[in-house]
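Just the heavy atoms: all of them, side chains too, but no hydrogens, waters or symmetry mates, feed the values below. In what follows, every chain begins at residue 1, and chains take the letters A, B, ... in the order their sequences are listed.
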Amino acid sequence: MKDSPLLQGLNDSQRAAVTHIDGPLLVLAGPGSGKTRVITYRIAYMLEQGIHPASIVGLTFTNKAAQEMQARLKRMVGETSVWLGTFHGFCVRLLRKYARLVGLPENFSIYDADDAQAVLKSAVQDSQFELTHVSIAALASRISYFKNRLITPEILQGEALSSDEFQVGQVYPAYQARLLRSGAVDFDDILMHLATLLRSYPEIRQQLDERFRYIMVDEYQDTNLAQYVIVRHLSDAHPNLAATGDPDQSIYGWRGANVKNVSHLERDYPDLEVIRLEDNYRSTPEILSAADCLIQNNAFRKPKVLVPSRDSGLPVRLAIYPTARHEAEDVATQIQALVSEGSFEYSDFGVLYRTNAHSRQIEQSLLRRQIPYQLIGGFRFYLRKEIKDLVAYLLLVHNPDDDVALQRSINTPPRGVGKKSLEQLAAYAKKHRTSLLEACRAAVANELLPKRACTAIKSFLKVYDQLCSIVHGPLVDLLQLTIELTSYREHLAKLDEKNDRATEVAANLDELLAEASELDLVASDAQPALEAFLEFAVLQSDTDRLKSGQDSVTLMTLHAAKGLEFSNVFVLAIEENILPHVRSKDDPQALEEERRLLFVGITRAKDQLQLSYAKSRGFSGQGSGVPSSFLMELPRAEMQVLDHAQQLDLLDDSYASEDFDEYFDPGPDDDLFPSDTGGDGELEYSLDECQLPPEEMTKAVRSRLAKATASVPTMRTGAQIEANERKWSVFKSGCVVTHQTFGSGEIVAASGHGNKKSVTIKFFSDGLSRSFRLSHVQLTLENPGRTSD
DNA sequence: ACTCGTAGCCTTTTT
DNA sequence: GGCTACGAGT
């Protein structure tokens with residue numbers, strides 16, 4: 001058995017992992033150690049051993065990873081019924097079956113972050129609970145945190161809450177009640193519901209455990225408690241659980257992932273076999289050395305080695321640029337040069353950065369050179385308005401209780417159902433404990449609303465009922481009819497008269513129709529096309545849309561890059577406050593996660609790697625220009641440092657101008673680093689007036705520039721904010737202060753940072769609370785209060 | 001009730 | 001620099 005041809009070409013540890021079939025297994029796989037290979041080979045090996053394909057489940061993080069494995073597996077063994085998919089996809093399928101047990105209909109809707117936020121917002125309004133210094137987003141993330149930790153509203157209500165969490169404690173149950181009433185789940189619910197279901201129904205747990213005898217989990221370091229519980233419950237009587245992961249690549253702590261799940265595995269499965277894959281087949285020793293030096297700075301870490309197996313290559317480059325624009329231009333130039341030399345294709349390049357916003361400049365530079373690229377992340381197809389509008393109709397057809405879908409569709413295109421009418425419908429729905437759709441029917445039947453509104457609602461219901469009548473036909477027809485009945489194309493055309501997105505929007509609709517007809521082909525009784533489509537629309541991530549066939553540069557965030565590899569990698573903007581991100585620097589755990597993020601980025605590179613930062617980034621004050629402390633942790637001696645900023649130091653002041661990027665616009669053939677800065681509109685105007693000889697002009701420009709920049713307040717915001725921060729740090733909760741017009745009062749809350757720092761003061765004179773931005777009011781401190789440090 | 005204009009808001013990472 | 005939410009006008 002053990003000499004199966006499958007096992008040829010695997011190293012010892014890989015082979016050990018592939019052939020360990022029964023009993024719990026943990027594969028600690030460093031980057032580039034052939035993990036995906038191990039997983040696919042392992043499945044093939046299991047099939048070869050006669051294990052039934054339907055009893056094997058492989059769970060991945062992204063659809064992309066799942067598809068990749070599916071494709072590899074297909075090449076090895078042909079079509080199989082092995083379930084390879086994402087956690088969420090798998091859980092949705094199970095949840096559909098047992099939905100009633102957690103209070104959901106089988107046709108429950110899945111809400112994306114946008115929809116969920118809309119629900120949360122109305123839950124907040126509903127609970128007549130005033131939000132003070134807590135944003136909806138912050139509430140959402142707290143609720144998400146609870147759900148990931150399987151803390152249901154019921155559990156939470158039994159807990160004593162700190163004042164911080166009091167508001168969440170109020171809103172969370174209301175939010176959840178709304179979701180359930182709409183027959184909907186958010187992303188976190190998908191996991192939470194299934195986990196609680198498995199907990200509460202041992203016989204179901206047992207059945208599923210029996211059915212899914214062999215479970216594999218990829219990117220195990222990124223699982224959260226809910227996911228752990230699910231996996232654990234499905235591997236109880238048949239503990240054939242194989243987890244693969246790398247704690248050094250755990251980068252989703254912020255959304256509840258818990259690296260400790262790795263040690264929990266050891267605790268919960270005493271027989272656990274641990275196999276390490278430490279040989280790296282991907283990167284040159286130079287790249288690995290940089291990665292290793294960096295990651296060793298993480299204190300909360302089990303030491304692990306990266307063993308290079310490739311020959312020595314080029315040194316890792318560290319490039320320093322005066323501005324983000326230079327960075328982008330130079331990267332684009334390098335890519336172009338390497339491709340035209342013939343040594344590489346565009347698809348050999350990956351450009352990685354911390355946040356989506358950083359893609360803009362590099363996009364422009366590539367565009368200007370007509371270098372093809374694909375951008376991952378940013379705006380998702382299914383988040384586009386025109387797509388979401390249409391999908392809303394289908395959602396409502398699928399699930400009539402879906403209030404979010406109704407609110408979205410009832411007045412698109414505008415047919416005269418305004419805010420007022422909706423409010424009354426909502427009130428009716430609340431009173432009669434029914435859906436908005438039912439409220440609409442009641443309103444029309446009993447003429448509860450003004451005639452105008454009633455006829456509008458009637459026409460909406462007519463469209464809706466017509467759509468419902470063909471729900472069992474092909475999905476394309478349903479979608480086509482939706483577009484027709486709503487005159488959607490005409491509506492969009494009218495909307496788009498000014499901005500010329502019309503062709504793009506039309507193309508989007510066509511793509512939507514194309515995807516619908518594709519799904520019609522693969523639809524089955526178990527998964528009707530409409531349901532598949534709606535799930536696909538919401539669970540499809542953007543990384544999944546990455547097309548491997550075409551020759552283009554890939555642009556994406558470091559997070560999205562996990563699991564991928566490129567011959568040449570550029571990591572941009574490795575600056576303090578960006579990587580590590582501002583919001584991570586006070587928390588040592590979060591800081592280590594940021595370091596791991598860079599580690600992931602570095603280890604994506606096979607042959608060449610360039611890390612870079614810019615001294616100025618025209619990003620509303622945020623680009624500090626300070627190189628990331630992570631860069632100090634790299635083996636500088638082995639690296640090649642390219643300091644493109646040196647020659648420009650004299651001009652630093654002008655380069656630091658926020659508007660610099662606006663007027664520095666080198667054409668494709670321009671020098672990357674011109675000796676002078678050209679001029680913006682204002683400067684050119686003054687030049688015309690001056691009529692000085694060229695050398696003098698430059699001087700005049702410079703002195704004018706210096707003057708201008710000195711007088712623009714934004715130029716000093718950095719220092720100013722810092723000074724203000726210090727000055728304002730005395731205004732804390734509990735302080736007694738005096739306001740010019742309202743007199744004295746006590747600070748009851750403070751929020752925000754820098755110039756946005758604001759306080760809420762409860763005034764003694766009238767007992768009312770008012771909020772102020774510290775940058776806008778003059779306050780005198782009367783009494784530092786009890787919380788002085 | 002809808003459309004247009006502006007001010008304030010926010011800008012991590014994603015299933 | 002971009003969007004959304006809100007407010008005034010038609």
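- For T62(A), the listed nucleotide lying nearest its side chain is dT15(B); candidates were dT15(B), dA1(B), dT14(B).
- Contact annotation: T355(A) does not reach the phosphate of dT11(B) (side-chain N/O to OP1 or OP2, under 4.0 Å).
- Rounded to a whole Å, the CD1 atom of I190(A) is 12 Å from the P atom of dT15(B).
- Under the 3.5 Å distance criterion, with hydrogens and angles disregarded, no donor-acceptor pair is assigned to the side chains of Q70(A) and E68(A).
- Closest to the side chain of R452(A), out of dT15(B), dC2(B), dA1(B), is dA1(B).
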Could you walk me through whether D112(A) and K388(A) pass salt bridge (Lys or Arg N to Asp or Glu O under 4.0 Å), step by step?
CA-CA 11 Å; D112(A) 65 21; K388(A) 279 208 80 167; 2.9 Å; yes
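- When the nucleotides dT15(B), dA1(B), dT13(B) are ranked by their closest atom to the side chain of K420(A), dA1(B) comes out on top.
- Note that NE2 of H358(A) is 10.5 Å distant from CZ of R360(A), once rounded to the nearest 0.5 Å.
- Across the protein-nucleic acid pair, I578(A) atom CD1 and dT11(B) atom C1' stand 12 Å apart, rounded to whole Å.
- Residues meeting the side-chain contact (heavy atoms from CB on, under 4.5 Å) test with T603(A), sequence neighbours left out: P31(A), A291(A), F599(A).
- When each of dC2(B), dT15(B), dT14(B) is scored by its nearest atom to the side-chain atoms of Y252(A), the top-ranked nucleotide is dT14(B).
- Remark on DNA chain B: of its neighbouring residues S584(A) and A453(A), the 5'-side contact belongs to A453(A), judged by nearest-heavy-atom nucleotide.
- Between E535(A) and R96(A) there is a salt bridge, since a side-chain N of the basic residue sits under 4.0 Å from a carboxylate O of the acidic one.
- The shortest distance between the side-chain N/O atoms of N356(A) and the OP1/OP2 oxygens of dT11(B) is not below 4.0 Å.
- Residue E575(A) contributes atom CD, which lies 16 Å from atom C1' of dT11(B) at whole-angstrom precision.
- With rounding to whole Å, H88(A) atom NE2 is found 4 Å from dT15(B) atom C1'.
- Where stacking is scored as ring centres under 5.5 Å apart with planes under 30°, W254(A) registers as stacked on the base of dT13(B).
- Going from atom CD of Q361(A) over to atom P of dG1(C) covers 10 Å, rounded to whole Å.
- Atoms CG (D114(A)) and P (dT4(C)) sit 9 Å apart, rounded to a whole Å.
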Reading DNA chain B 5' to 3', how would its secondary structure be written in dot-bracket notation, given Watson-Crick and G-U pairs with both distances under 3.5 Å, brackets [ ] for crossing pairs and | for partners on other strands?
|||||||||......
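- Following rounding to the nearest Å, R255(A) (CZ) and dT15(B) (P) show an atom-to-atom distance of 7 Å.
- For dA5(C), one of the phosphate oxygens OP1 or OP2 lies less than 4.0 angstrom from a side-chain nitrogen or oxygen of K121(A).
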For residues 183-190 of chain A, please give each side-chain donor-acceptor pair under 3.5 Å, one per line with the distance, not counting sequence neighbours.
from: D186(A); atom 1: OD1; to: K147(A); atom 2: NZ; distance (Å): 3.4
from: D186(A); atom 1: OD1; to: D188(A); atom 2: N; distance (Å): 3.1
from: D186(A); atom 1: OD1; to: D189(A); atom 2: N; distance (Å): 2.7
from: D186(A); atom 1: OD2; to: K147(A); atom 2: NZ; distance (Å): 2.7
from: D186(A); atom 1: OD2; to: Y175(A); atom 2: OH; distance (Å): 2.8
from: D188(A); atom 1: OD2; to: S144(A); atom 2: OG; distance (Å): 3.0
from: D189(A); atom 1: OD1; to: K147(A); atom 2: NZ; distance (Å): 2.8
from: D189(A); atom 1: OD1; to: Q176(A); atom 2: NE2; distance (Å): 3.1
from: D189(A); atom 1: OD2; to: K147(A); atom 2: NZ; distance (Å): 3.2
from: D189(A); atom 1: OD2; to: D186(A); atom 2: N; distance (Å): 3.2

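- Salt-bridge formation is not detected for the pair K35(A)/D246(A): no Lys NZ or Arg NE/NH1/NH2 atom is positioned less than 4.0 Å from an Asp or Glu carboxylate oxygen.
- Along DNA chain B, the nucleotide closest to N411(A) and the one closest to T557(A) are compared, and the more 5′ of them pairs with N411(A).
- Here dT15(B) presents its C1' atom at 18 Å from OH of Y220(A), a figure rounded to the nearest Å.
- No close placement of the Y145(A) and Y172(A) rings is indicated, their centers lying 6.0 Å or farther apart.
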